[in-house]
Amino acid sequence: MNSWYHAVSAARKWGGEPELYLPIEEFIDSSKKILGDVRHRSIYHHTEGVFLCERVFGKTLTIPKGPPGSKQTRTTRVPVRLIAERHIIEDLGWLPSPADYIKGMPVEGWMSGAKRKEVPLSTLLLNQPGAAE
C-alpha cells in the first residue's frame, strides 16, 4: 500500500489529517529507495522498525481534535508505536521480528569477517572522484 493510503487509514482511526501521519508512513516505506521490490520491507517492516520510529518521531504524535480548520485547543496523543504497527499489519497481515526475515538467509563467509578484502591505501586515495590526474 502507498504511504499516503496508510496515512489516510491512520487519520480515519485516530483523527486529524493524513498529513500528520505521513512522515511516519513515509519513513517506514523509505526502504523502497534501497530495494525496489517487496524485499524492501525487511528493512523497517518489523518490530525493531517500530521502535526505530519511536526514536525518530518520539513516543506520541499530537493530533488536534475537532473539525478541520476549527480553532479548538483540544488534542489527543497517539502512540507512534501503534501507528507504525498498524502500517506493518496493513501491509503484511502480522508483525514480524527481524529474525523472521533472516531465519532462511544463508550465512556467507564475509559475514563473519573471515574474508577480508585488503586494498592498498594508495589505490583508495588515487581512485577518488576529482583526484589529480
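Residues take their numbers from the sequence shown, with the count starting at 1.
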In terms of relative ring orientation, are His40 and His45 parallel, tilted or perpendicular, with 30° and 60° separating the classes? perpendicular
The test is side-chain contact (heavy atoms from CB on, under 4.5 Å); show your working for Met1 and Glu25 and say whether it passes. CA-CA 10 Å; Met1 184 186 309; Glu25 310 296 0; over 6 Å; no
Does any part of the side chain of [Y], heavy atoms only, come nearer than 4.5 Å to the side chain of [X], both counted from C-beta?
{"X": "Leu82", "Y": "Glu85", "result": "yes"}
{"X": "His87", "Y": "Asp91", "result": "yes"}
{"X": "His6", "Y": "Asp29", "result": "yes"}
{"X": "Cys53", "Y": "Arg55", "result": "no"}
{"X": "Leu22", "Y": "Ser3", "result": "yes"}
{"X": "Ile88", "Y": "Val50", "result": "yes"}
{"X": "Val80", "Y": "Val56", "result": "no"}

Separation between CG of Leu35 and CD1 of Ile43, rounded to the nearest 0.5 Å: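 Reported value, rounded in 0.5 Å steps: 7.0 Å.
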Determine whether [X] and [Y] fall in the same hydrophobic cluster, where Ile, Leu, Val, Met, Phe, Trp and Tyr are linked whenever their side-chain heavy atoms lie under 4.5 Å apart.
{"X": "Leu92", "Y": "Leu95", "answer": "yes"}
{"X": "Tyr44", "Y": "Phe57", "answer": "yes"}
{"X": "Ile28", "Y": "Trp4", "answer": "no"}

Restricting to non-hydrogen atoms, name the atom on Pro18 and the atom on Ala11 that form the minimum distance, rounded to 0.1 Å.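 In this case the closest contact between Pro18 and Ala11 is N-CB, 3.8 Å.
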Contact summary for Leu61 and Tyr21, nearest pair of heavy atoms: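 Here Leu61 and Tyr21 meet closest at CD2-CD2, 3.8 Å.
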Give a yes or no on whether the backbone of [Y] and the side-chain of [X] come within a donor-acceptor separation of less than 3.5 Å.
{"X": "Thr75", "Y": "Pro64", "result": "no"}
{"X": "Asp100", "Y": "Ser97", "result": "yes"}
{"X": "His46", "Y": "Ser42", "result": "yes"}

For the residue pair Ser31 and Arg41, confirm or rule out a side-chain donor-acceptor distance under 3.5 Å.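 No, no side-chain donor-acceptor contact under 3.5 Å.
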Please report the C-alpha distance between Glu54 and Arg81 in whole Å, then the side-chain angles of each, then the deciding distance to 0.1 Å, and finally whether the salt bridge (Lys or Arg N to Asp or Glu O under 4.0 Å) criterion is met. CA-CA 6 Å; Glu54 279 188 330; Arg81 186 169 158 187; 5.1 Å; no
Is the cationic atom of Arg77 (NZ for Lys, CZ for Arg) positioned less than 6.0 Å from the six-membered ring centroid of Trp14 and within 45 degrees of its normal?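 Judged by the rule, Arg77 and Trp14 form no cation-pi pair.
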